[in-house]
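Lettering follows sequence order; numbering is per chain, from 1. The structure displayed is predicted, hence computed values, not measured ones.
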Protein chains: 2
Amino acid sequence: MARTPAPDLQYSGLDELLGYRLRRAQSAVHRDYNAAFDDLKLTQKQTGVMWLVLCNPGVAQGAIGAALGMDRATMMVIVDRLEARGLLQRVRSRKDARQRELVATPEGQRLMKKVHTRTIAHEKRLKQLFTGTELRTFERLLQKLQSLEDTVEE
Amino acid sequence: MARTPAPDLQYSGLDELLGYRLRRAQSAVHRDYNAAFDDLKLTQKQTGVMWLVLCNPGVAQGAIGAALGMDRATMMVIVDRLEARGLLQRVRSRKDARQRELVATPEGQRLMKKVHTRTIAHEKRLKQLFTGTELRTFERLLQKLQSLEDTVEE
DNA sequence: TATTGTTATACTCTATAACTATA
DNA sequence: TATAGTTATAGAGTATAACAATA
């Protein structure tokens, strides 16, 4: 990524902001993820969609988007790419012709087997940084932040 | 954002992954931030850059990028935008003519006063979700994830 | 030779608005 | 009328590679 060695700067409290800390942590994990999944060419978001399609075959595109907190238009971009790569298919629903049911192709299923294995390894790598108690606490704290999601929408 | 009501899906462990949880939490805070700063038209990243420029006037562009974990090319995009909006200026360094020192314009300084106030309010809003002990724990846990950053680079 | 910034290029995610086809 | 998906469009962040100027 070609970065300069860390300098010596004033932060005036920037690095004490919870939002900033969270962003930097997420950024570090994101880079770590990309490095670990580089050869599979699947981003975190794409993996999330494929993951849910695998364990909810035939579920509507919009339902996946809602579950992952994504806009309809955003889902379109992601599903378009996954479909173009031949990892999943859209099928017009017979129950409600407005909906598109998503199903993984054989190739998508093969890829997701690798992704599962890789994910377990990556997760283990992350969790090694913490004790069991810390992990439970961490998840609880992260969960609290997600409650903001509901506040904004209404 | 036009989202569909939450569906009832299988997750097969996706929602137990630390990386997933972190991403969703960051996403929620990011949306909350954007909603709170909508009228000021400054993103989290742009705010980070302006913040450091304000408390380190004349610091080199690359030093800011390194402090915020950003690539040189990424910094270019962000600084270009801030400069085009008249919020900061690039000045060729007299100590090392390769470097560009960043300084906030009067307009940038005015805007950042508002941003500071707004940030304190936003931070308060976030921190209300937690006790003092929880906050200290949270920051410690997030810090541990940032150690991944060093592991990947070398 | 190495570093700082630059440009060109490409990819991903996000979102709004207007449109269609269905319900 | 309302909903699911689509298209067009735009903004933002990320990164690689090649290049110029400077050290």
Any salt bridge linking [X] with [Y]? Criterion: basic side-chain nitrogen under 4.0 Å from a carboxylate oxygen.
{"X": "B:Asp32", "Y": "B:Arg125", "answer": "yes"}
{"X": "A:Arg85", "Y": "A:Asp80", "answer": "no"}
{"X": "B:Glu134", "Y": "A:Lys144", "answer": "yes"}

What's the closest nucleotide to the side chain of [X] if the choices are [options]?
{"X": "B:Asp71", "options": "D:dT16, C:dC13, D:dG13", "result": "D:dT16"}
{"X": "A:Gln46", "options": "C:dT14, D:dT7, C:dT12", "result": "C:dT12"}
{"X": "A:Arg81", "options": "D:dG5, D:dT6, C:dT12", "result": "C:dT12"}

Is the phosphate of [N], meaning OP1 or OP2, less than 4.0 Å from a side-chain N or O of [X]?
{"X": "B:Arg31", "N": "C:dT14", "result": "no"}
{"X": "B:Gln44", "N": "D:dG13", "result": "no"}
{"X": "A:Lys41", "N": "C:dC11", "result": "no"}

Return the value, rounded to whole Å, for the distance between atom [atom1] of [X] and atom [atom2] of [N].
{"X": "B:His30", "N": "C:dT12", "atom1": "NE2", "atom2": "P", "value": "19 Å"}
{"X": "A:Lys45", "N": "C:dT12", "atom1": "NZ", "atom2": "C1'", "value": "10 Å"}
{"X": "B:Met76", "N": "D:dA18", "atom1": "CE", "atom2": "P", "value": "18 Å"}
{"X": "B:Arg23", "N": "C:dT12", "atom1": "CZ", "atom2": "P", "value": "15 Å"}
{"X": "A:Asp38", "N": "C:dC11", "atom1": "CG", "atom2": "P", "value": "15 Å"}

**Prompt:** Looking only at side chains, do B:Ser93 and B:Glu101 share a donor and an acceptor under 3.5 Å apart?
**Reply:**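 A pair is found: one side chain offers a donor N or O, the other an acceptor, under 3.5 Å apart.
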**Request:** Indicate whether any N or O donor in one side chain lies under 3.5 Å from an N or O acceptor in the other, for A:Tyr33 and A:Thr43.
**Result:**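 Result is no, nothing qualifies.
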**5′-ward residue of the pair B:Gln99/B:Ser27 relative to DNA chain C** =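 The residue closer to the strand's 5' end, by nearest nucleotide, is B:Gln99.
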**Message:** As an exercise, state the distance from CE of B:Met112 to CG of B:Leu87, rounded to the nearest 0.5 Å.
**Reply:**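 Those atoms lie 9.5 Å apart.
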**Request:** Quick one: label A:Thr43 by what it contacts on the DNA or RNA (base, sugar-phosphate, nothing), any heavy atom closer than 4.0 Å.
**Result:**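 If one applies the 4.0 Å heavy-atom cut-off, A:Thr43 turns out to touch the sugar-phosphate alone, with no base involved.
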**Complete:** With sugar-phosphate taken as primed atoms, P, OP1 and OP2 and all else as base, the protein-contact string of nucleotides 17-23 of chain C at under 4.0 Å (heavy atoms; B, S, -) is -----BS
**Prompt:** What heavy-atom pair brings A:Met50 and A:Gly108 nearest, and what distance separates the two atoms?
**Reply:**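 In this case the closest contact between A:Met50 and A:Gly108 is CE-CA, 4.0 Å.
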**Given DNA chain D, 5'-ward residue of the pair A:Arg90 and B:Thr74, judged by closest heavy atom** =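 Nearest nucleotide further toward 5': that of A:Arg90.
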